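One structure below.
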There are 2 protein chains.
Amino acid sequence: MENKMNIENTQSQMRRGILEFCILSVIRRGEAYPSDIVEEMKESKLQVLEGTLYPLLTRLKNAGMLTYRWVESNSGPPRKYFSLTEQGEAFYKQLEGTWNELANAVNKLKNKEESLKPVTEETAAQMPNQNPENEEQPQ
Amino acid sequence: MENKMNIENTQSQMRRGILEFCILSVIRRGEAYPSDIVEEMKESKLQVLEGTLYPLLTRLKNAGMLTYRWVESNSGPPRKYFSLTEQGEAFYKQLEGTWNELANAVNKLKNKEESLKPVTEETAAQMPNQNPENEEQPQ
DNA sequence: TACGGTACTTTGTAACACATAGTACTGTAT
DNA sequence: ATACAGTACTATGTGTTACAAAGTACCGTA
């Protein structure tokens with residue numbers, strides 16, 4: 001009861017589903033190592049944290065979508081540069097299709113007119129209040 | 001190891017984040033009861049299942065975003081017709097903003113050119129294979 | 001009174017982002 | 001050399017939530 005439902009949580013839920021797609025999208029444009037990706041995502045207003053990114057990359061690698069190679073850095077330890085495998089490229093294409101369909105569907109849905117449907121009022125009736133919650137009759 | 005990473009799962013993850021938004025969007029256009037919503041979502045290529053929808057509606061109701069009233073049906077038990085509260089309307093507006101930003105960011109990201117960045121090859125070097133996974137050097 | 005349809009509820013499971021803490025390697029200053 | 005700070009990667013625990021599946025309750029009809 002008394003649920004909070006803060007907007008940040010819902011927003012992060014929205015990001016969640018497309019993270020994988022976005023990260024593949026970044027890597028697809030050229031080899032990248034994790035901090036690169038975090039940075040690029042932040043620029044694009046799509047926040048990702050380390051604790052999210054690393055497991056995700058590992059998952060994608062184990063699934064055969066990504067490979068990496070070590071590249072030494074002159075400012076710290078070596079880096080894992082990731083790139084898409086052939087399989088990863090195919091997977092990306094599928095996700096792109098999914099994203100396009102989805103975005104399209106959502107936009108259509110939210111722009112639909114305040115159409116018809118004023119509830120057919122079959123017998124808008126008082127039911128026995130068999131549950132204790134708020135039973136207010138809208139207008 | 002040998003992760004499966006089936007596309008269906010990822011697709012459902014994508015849907016996941018925007019479900020709440022879509023459902024609010026449907027209800028916003030007029031009172032609706034669960035089966036209505038399932039139907040409308042299916043038409044829009046956005047699958048939702050009962051076991052998902054009911055808890056979601058309850059959550060939104062408990063958070064004060066929705067109310068409902070009972071309406072008798074002539075083809076079965078009475079139905080809960082849901083509608084947005086004032087708070088729910090405000091919440092929806094926020095989510096709409098979030099969605100727009102997000103969709104925008106993703107589209108920009110995925111349409112970015114195969115830009116620059118051929119990895120600065122500082123010292124693309126063979127590192128000691130300190131882990132047993134695949135260390136293949138791309139190309 | 002039994003039965004099929006519709007509506008709603010409950011419970012368990014798995015996926016996953018996130019927060020946080022920890023390990024390991026690097027170069028630089030003391 | 002030794003300590004320290006910065007960077008890169010890893011590991012663990014927690015909370016949220018979609019989904020699956022089974023269950024309960026109400027309705028009209030045979």
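Every heavy atom of this structure was used, including side-chain atoms; hydrogens, water molecules and symmetry mates were not. Each chain gets a letter, A, B and so on, in the order its sequence line appears, and its residues count up from 1. From a predicted model like this one, the values you see are computed outputs, not experimental measurements.
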(request) Establish whether A/L66 and B/I7 are linked, either directly or via other cluster members, by ILVMFWY side-chain heavy-atom contacts under 4.5 Å. (result) yes

(request) Indicate whether OP1 or OP2 belonging to D/dA18 is found under 4.0 Å from a side-chain N or O atom of B/S12. (result) no

(message) From the set D/dC19, D/dA8, D/dC26, return the single nucleotide nearest to any side-chain atom of A/Y33.
(response) D/dA8

(message) Base, sugar-phosphate or nothing for B/E50? Non-hydrogen atoms, less than 4.0 Å.
(response) base

(request) Ignoring backbone atoms, test whether A/S35 places a side-chain nitrogen or oxygen under 4.0 Å from the OP1 or OP2 oxygen of D/dA8. (result) yes

(request) Starting at atom CZ of B/R16, determine the distance to atom P of D/dC19, rounded to an integer number of angstrom. (result) 8 Å

(request) Taking only the side-chain nitrogens and oxygens of B/Y54, find out if one of them lies under 4.0 Å from OP1 or OP2 of C/dT9. (result) no

(request) Tell me which of A/Q13 and A/P55 sits closer to the 5' end of DNA chain D, going by the nucleotide each one is nearest to. (result) A/P55

(request) May I ask you to say what A/P34 touches in the nucleic acid, namely base, sugar-phosphate or nothing, with a heavy-atom cut-off under 4.0 Å? (result) sugar-phosphate

(message) Nearest whole Å is fine: how far is C/dA7 C1' from B/K80 NZ?
(response) 10 Å

(request) Please report, rounded to the nearest Å, how far the P atom of D/dA8 is from the CG atom of A/L57. (result) 14 Å

(message) If you compare every side-chain N and O of A/R59 against the phosphate oxygens of C/dA17 (OP1, OP2), does one of them come in below 4.0 Å?
(response) yes

(message) Here's a test of your reading of the structure: between A/P77 and A/T10, which maps to the more 5' nucleotide of DNA chain D?
(response) A/P77

(message) Can you measure B/L56 atom CG to C/dT10 atom P for me and round it to whole angstrom units?
(response) 16 Å

(request) Using whole Å, report how far CE of A/M14 lies from P of D/dT17. (result) 12 Å

(request) Rounded off to whole Å, could you give me the CG-to-C1' distance for the B/N9 and C/dA14 pair? (result) 9 Å

(request) Map A/L49 and B/G76 onto DNA chain C by nearest heavy atom, then report which one ends up closer to the 5' terminus. (result) B/G76

(message) Would you say A/R79 places a side-chain N or O within less than 4.0 Å of OP1 or OP2 belonging to D/dA8?
(response) yes

(request) For A/N74 and C/dG27, give me the distance from atom CG to atom P, rounded to whole Å. (result) 8 Å

(message) So, taking the atom named CD1 in B/I18 and the one named CE in A/M14, what distance separates them when rounded to the nearest 0.5 Å?
(response) 7.5 Å

(request) Identify whether NZ of Lys or CZ of Arg in B/K80 sits under 6.0 Å from the centre of the six-membered ring of B/Y33 and within 45° of that ring's axis. (result) no

(message) How close do B/A32 and B/I37 get, counting heavy atoms only, and between which atoms?
(response) CB-CG1, 3.9 Å

(message) Assess the residue pair B/E96 and A/K110 against the criterion (salt bridge (Lys or Arg N to Asp or Glu O under 4.0 Å)); give the C-alpha distance rounded to whole Å, side-chain angles, the decisive distance to 0.1 Å, and a yes or no.
(response) CA-CA 9 Å; B/E96 192 176 18; A/K110 88 185 169 67; 3.7 Å; yes

(message) Just the rounded figure in Å: distance from P of D/dC9 to CG of A/L53.
(response) 9 Å

(request) Report yes if a side-chain nitrogen or oxygen of B/T52 is closer than 4.0 Å to either non-bridging phosphate oxygen (OP1 or OP2) of D/dC19; otherwise report no. (result) yes

